[in-house]
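Below is one structure, written out as structure tokens; the observations come after it.
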Number of protein chains: 2
Amino acid sequence: KMDPAEFRRRGKEMVDIISDYLENIEQRPVFPDVEPGYLRALVPQEAPEEPESFDEIVRDIERVIMPGVTHWHSPYFFAYFPTASSFPAMLADMLSGAIGCIGFSWAASPACTELETVMLDWLGKMLKLPEEFLAGTAGQGGGVIQGTASEATLIALLAARTRTVKKIQAENPGTDEEDILPKLVAYASDQAHSSVERAGLIGGVKMKMIPSDDKFAARGEALRQTIEADKAAGLIPFYFCATLGTTPSCAFDRISELGPICNSENIWMHIDAAYAGSAFICPEFRHLLNGVEFADSFNFNPHKWLLVNFDCSAMWVKKRADIVGAFKMDPLYLKHDHQESGLVTDYRHWQIPLGRRFRSLKMWFVFRMYGLKGLQQYIRKHVSLAKEFESLVRSDQRFEISAEVVLGLVCFRLKGSNALNEKLLKRINDTRKIHLVPCHLSGSFVLRFAVCARTTESKHIQFAWKHIAEIASQLLQEPRQ
Amino acid sequence: KMDPAEFRRRGKEMVDIISDYLENIEQRPVFPDVEPGYLRALVPQEAPEEPESFDEIVRDIERVIMPGVTHWHSPYFFAYFPTASSFPAMLADMLSGAIGCIGFSWAASPACTELETVMLDWLGKMLKLPEEFLAGTAGQGGGVIQGTASEATLIALLAARTRTVKKIQAENPGTDEEDILPKLVAYASDQAHSSVERAGLIGGVKMKMIPSDDKFAARGEALRQTIEADKAAGLIPFYFCATLGTTPSCAFDRISELGPICNSENIWMHIDAAYAGSAFICPEFRHLLNGVEFADSFNFNPHKWLLVNFDCSAMWVKKRADIVGAFKMDPLYLKHDHQESGLVTDYRHWQIPLGRRFRSLKMWFVFRMYGLKGLQQYIRKHVSLAKEFESLVRSDQRFEISAEVVLGLVCFRLKGSNALNEKLLKRINDTRKIHLVPCHLSGSFVLRFAVCARTTESKHIQFAWKHIAEIASQLLQEPRQ
């Protein structure tokens, strides 16, 4: 068994292993060449009876693990949206692992809870969130780290459900919850992430998708019409999840139109800005967040684009009482002396899981070691790389841009059939030199090019475009099938 | 901004910082002496504009963080249940952070998914789980890493809800889901964790607590009576969450009695063995798991007692189709070539969040570097330390043991009033030399003594008992108030 002295040695070896991995990641094919089930054949069928050495395990990293890794931090990775990685965040995670506290209540580790509240205030100020969302020392709002945006969407929906049920019961004493739930209806844009629809399924409520406009944005008028029809049919609208930076095309729902409608209808507006939210720390992108003042809750993922390693999804609410009230339970083994003091936050009431890691350390290290200016530079670099790729696409008559390029995502396609573009994408990914994923926009099969890695530079963009254009040329020269 | 060369240096400094912390943790008071709000005064109100140096941050670890940390890995920490910490797990987490893949689908990083499936098979075999729970190459079951036991409880409840609704709809075509949901009823022991009741709230279904027997165990007869009454009232029983090792007293629901009832009534039986599950790798404790063959799903937390750092909650199901079917959604940006091949697992369908870290690396490192024998030794050591503490309590006539000591938890109290025991606990915790939390058992206020830290030895148990006995002596000598 490993003692502290051996850990000192092995820990330093591991620092070198991961430094080597990240320094040389460009040399690896970005997408693995393995078939499903490849790994089972490479390892024993059972755990060993006797201990093995660390050296044996290190050897197996290259033999067993690396052949099957999709290298999300390769500068040739342009798929999905980015997931963040930075050295300060990794250092903080090492410390978090060693402290190893479970911060479900203030008393379970005060520093874990308090640093989180303060870091969410720091970040809220970077975004220039309305004061109401900040905790400060006397605020009614505040922030929390969720694992993922999906959980934030769900928590907000559950809080809205409880708030609405309580309101109806207050207005109509004696009404049963089970008579209310079947009438509740939630909304989101038809471009919203699949996890929004899933939140409705989990919460056991109806969820309707609002048709988006020709820029893939949800608009006030469409929402208003749906609400009117639903109310006329006896339903109770209670929740709207707006998206800033949709997954297919990075479109922005018009929250300045949608928000006032939600406010006047007592509908909880949650904003999911999972990817785009990080950009709002730059003054030139902050206008995209205008309308947040109408929201009840707001969420984005520093673990996507703000250099804080997964998991770190930042969520703010205007009224902590709403979210805590959704399902507060206090068994004796979780009670503590300071519980009722008002200054104290027990984050277990804000989330689905009970346990939670000391994740705010990652934010603290990253915000301090980059500084606001360094983080802004990072966002700007990615946006300019996306614009560079957009120009390359626009300079080639065979291609078209499929949606406005606002941040780091470029949606594009060959002018022509969906089948042609499906073939193009398959060939691109089969070469394993770069990696992209597709989306559907208005019935068209579209390629998504997202600037992802921290180390992506102009040369990688130029390489990627040259590679795509060459494959397109080959494809277009082939006889039609 | 930190470059790879600086990370090599700073990473090694961090290895020394965390080694120093863990080697000297005994010297720190186990529970912090801070008031709510202490941290905000120690840090700036906003993030810095310009980058700060790593040295500044390191200085602040002792100044800002450590004064507010509850030291869960101090050998004087006996509160809640343990949270795991081991050097191999920390090394694996470093690697996981560097790879930084998001394993929501097989294609998003095949190694991340495949190692997880194989590690859950390894662990299932260590527990001697019935074959049906293993994935193998052709099984219908299999395992997944959830973040916490709370999430496993919820996922199982949602899967049960969907299975039941589908079954009723198949038998009664045209039945609306919203007519079924209000009739569904779930069950758990009155000793079950608060997260079980919460899962019912989230899922929008009734949850009833089955009265436990004089050993704090749920019994078949009590469940049967409740089911009969509920069916007679027109309700539809659909889910029972059994607990092996309850949070208050580490009691064991009688799953051999409860399971056959659930099976014959088409009730999904989920087993939550969050803490106790790790012990089942020892042949002498495996009988506590007898009856698991009746369960639809089983869960425990290697991150509690099996030396795998948080988060790592292991969950198995007999039928993967049940859990995937609960809310499978496949937007185009998440589809991939191998999706329909059967050999492939897309774990996003098994969990609440979409994103997921490469957590199985921690299991792989720990299982290999301890070996099954090393893990068994670790469990046995903790159980024997608990028995040692039990003997000390029994040797003092002023005290009584409040529940059978089966594993690493001892429930005890001074013979006398609840007020007396509340005062005893408060004094113990106020000294900050050891840390415990209480529970209620049959109306009595009881102190819980859980063997927690990896480094707890007999001398710490002896110290803790001497300390408790002394405080009791002082307390009992004071004039009654």
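Only this structure's heavy atoms are used, side chains among them; waters, hydrogens and symmetry mates stay out. Every value quoted in this text rests on a predicted model; they were computed, and no experiment measured them. Naming convention: chains lettered A, B, ... in sequence-line order (proteins, then strands); numbering from 1 in each chain.
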**Q.** Candidate list H73(B), M66(B), H71(B), test side chain to side chain contact (heavy atoms under 4.5 Å, CB included), partner I99(A), passing option
**A.** M66(B)
Q: Check whether L22(B) gets within reach of chain A through its side chain, its backbone, both or neither, counting any heavy atom under 4.5 Å.
A: side chain
Q. Any side-chain heavy-atom pair from W364(A) and V64(B) closer than 4.5 angstrom?
A. yes
Q: Could you look at L361(A) and say if it's the side chain, the backbone, both or neither that has a heavy atom under 4.5 Å from chain B?
A: side chain
Q) So, do L115(A) and L39(B) sit near enough that their side-chain heavy atoms are less than 4.5 Å apart? A) yes
Q: Please test E13(A) against V15(B) for side chain to side chain contact (heavy atoms under 4.5 Å, CB included), starting from the C-alpha separation and ending with a verdict.
A: CA-CA 10 Å; E13(A) 279 180 44; V15(B) 168; over 6 Å; no
Q. Can you find a pair of side-chain heavy atoms, one from L91(A) and one from M2(B), that are under 4.5 Å apart?
A. yes
Q. In Å, rounded to the nearest 0.5 Å, how long is the span from CD of E178(A) to CD of E178(B)?
A. 12.5 Å
Q) Between F7(B) and F87(A), what is the ring plane arrangement, given parallel below 30°, perpendicular above 60°, and tilted in between? A) parallel
Q: Tell me, for E177(B) versus chain A, whether the close heavy atoms (under 4.5 Å) come from the side chain, the backbone, both or neither.
A: neither
(Q) Quick test of your reading of the model: are R40(A) and E114(B) salt-bridged, counting only N-O distances below 4.0 Å? (A) no
(Q) Taking CD in Q45(B) as the centre, count heavy atoms belonging to other residues, nucleotides or ligands within less than 6.0 Å. Is the count above 12? (A) no
